[in-house]
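Mind looking over this structure? Questions follow.
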Amino acid sequence: MKQLKRPRRLRNSKAIRELCAENNLNLSDFIYPMFCHFDEGVKEEISSMPGQFRQGREYLIKDLKNLVKSGLKAICLFPLVEEKLKDSMGSYSYSESNYYLDLIKEIKNLYPELIIMTDVALDPYSSDGHDGIVDKKTGKILNDESLLVLEKMSIAQARAGADIIGPSDMMDGRIRVIREALEREKFIDTMIMSYSAKYASSYYGPFREALNSAPKSGDKKTYQMDPRNLKVALKEAKLDVAEGADILMVKPGQPYLDVVSLLARNLTQPISVYQVSGEYAMIKAASEKGWIDERSVVLESAISFKRAGASMVLSYFTRDILNYLKP
Ligand code: PBG
């Protein structure tokens, strides 16, 4: 048989492979999710996320200095909240004395160019560990009552200087409420990155350990999406666009690349993807055992997000990727 078609021609040297590459990783594609601690002099490693820490103010600021020097462009901050400040309404989330809001203010002053994304949901602040308010009698998550808290939380974060508000709560109608409030309060340039397609996933375990935010009873299946479903992702994303979201997120990442691809091909908004705590833990554990090569698996997982159509990636590996991509 005469060979006429030889796809290997385009793989024969590094130079031609580079010319033909459809996707590449840039430092500026990554958002680094970081955990802050209410005690400013504390730095604790998260046991199920080796290499990731809950850091108090002092450590976080010091850490950011180096990260920004290495090219970090964006962070997403999550607060560890003292148990005694948690209540059923999540009221500490917008309190004047909220240390997380002070921290955002301080970081914004120190690094005006660094994009700061926040998290909007009740769970870190809630004594019930749910993203919305729980009805005491029925145990149900109250949608519209929760919106009032999410609105206050968003405005408090925008006021503190957040560039991107990240509603991760999955209540119906939250994007509209937040967008209207931002406009009303004249935060016209504050962006909303909606967790549009957020699945009820078992991959969030290590994150809930990090913030001590697991639900006290029940699960999150009445608001987070059913992993069996794809079409609902497009429905949620379209609603979020109509309600005023700027960027749409898919979460988790690698098990949901079909969802990234679906949204990227059907919508014009930038798509982001969250490589969540469980994905991080799995790669870390296998590489600690010597079963996979961490660096190449991390880079391969990252490029898979770009190939699926994501413009940006939230990843706990951002710190390592900054090193890997160093020119
Ligand atoms: C809170 C929130 C969660 C994550 C991000 N924001 C946990 C949850 O919904 O239970 C998970 C992130 C991760 O696992 O890395 N609403």
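As the structure is a computational prediction, the values presented were derived from the model and not from experiment. Read the numbers this way: they start at 1 and go in the same order the structure lists the ligands and their atoms.
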ask   = Is there a heavy atom of Glu279 sitting under 4.0 angstrom from any atom of ligand 1?
value = no
ask   = Which atoms from ligand 1 have a heavy atom of Asp131 less than 4.0 Å away?
value = 9 (O), 16 (N)
task = Mark up the atoms of ligand 1 that fall under 4.0 Å of a heavy atom belonging to Tyr274, in ascending order.
result = 12 (C), 15 (O)
inquiry  = Does the plane of the ring in Phe207 sit parallel, tilted or perpendicular to the ring in Phe78? Use 30° and 60° as the thresholds.
reply    = perpendicular
note = Looking only at protein heavy atoms, what sits closest to atom 14 (O) of ligand 1 is Ser277 OG, 2.7 Å
inquiry  = Would you call the rings of Tyr99 and Phe38 parallel, tilted or perpendicular, taking 30° and 60° as the class edges?
reply    = perpendicular
task = Within a distance under 4.0 Å of any heavy atom of Ser168, pick out the atoms of ligand 1 and give their elements.
result = 1 (C), 2 (C), 6 (N), 16 (N)
query = Considering only heavy atoms of Lys220, which atoms of ligand 1 have at least one such atom less than 4.0 Å away?
reply = 8 (C), 9 (O), 10 (O)
ask   = Pick from Thr190, Leu101, Ile104, Ile164: which one makes a side chain to side chain contact (heavy atoms under 4.5 Å, CB included) with Thr118?
value = Ile104
ask   = Below 3.5 angstrom, do we get any N/O pair linking Tyr195 and ligand 1?
value = no
query = Lys216 side chain to Ser127 main-chain N or O, any donor-acceptor pair under 3.5 Å?
reply = yes
query = Is Lys198 salt-bridged to Glu236, cutoff N-O under 4.0 Å?
reply = no
task = Could you check Glu58 against Lys62 for salt bridge (Lys or Arg N to Asp or Glu O under 4.0 Å), going step by step and ending with a plain yes or no?
result = CA-CA 6 Å; Glu58 271 171 41; Lys62 215 185 297 164; 5.8 Å; no
key: Pair Gln275-Ser301, side-chain donor/acceptor within less than 3.5 Å   = yes
key: Contacting atoms of ligand 1, where contact means under 4.0 angstrom from a heavy atom of Ala121   = 16 (N)
message = Below 4.0 Å, non-hydrogen atoms only: which portion of Asp123 touches ligand 1? Side chain, backbone, both or neither.
response = side chain
request  = Provide the closest heavy-atom pair for Ala310 versus Val260 in the form atom of the first, atom of the second, distance.
outcome  = N-CG1, 3.8 Å
query = Which ligand 1 atoms, with their elements, are less than 4.0 angstrom from a heavy-atom of Tyr316?
reply = 12 (C), 13 (C), 15 (O)
query = Can you list the atoms of ligand 1 that are under 4.0 Å from a heavy atom of Lys198?
reply = 1 (C), 2 (C), 3 (C), 6 (N), 8 (C), 9 (O), 16 (N)
query = Which ligand 1 atoms are under 4.0 Å away from a heavy-atom of Gln224?
reply = 8 (C), 9 (O)
message = Can you confirm if the NZ or CZ of Lys220 lies within 45° of the ring axis of Tyr223 and under 6.0 Å from the centre of its six-membered ring?
response = no
task = Among all protein heavy atoms, pick the one closest to atom 12 (C) of ligand 1 and tell me residue, atom and distance.
result = Phe207 CD1, 3.3 Å
task = State if Asp169 counts as touching ligand 1 under the rule of any non-hydrogen atom under 4.0 Å.
result = no
request  = Verify the ring-centre separation between Tyr199 and Tyr256: is it less than 6.0 angstrom?
outcome  = yes
inquiry  = For atom 5 (C) of ligand 1, what's the nearest protein heavy-atom neighbour? Residue, atom name and distance, please.
reply    = Lys251 NZ, 2.6 Å
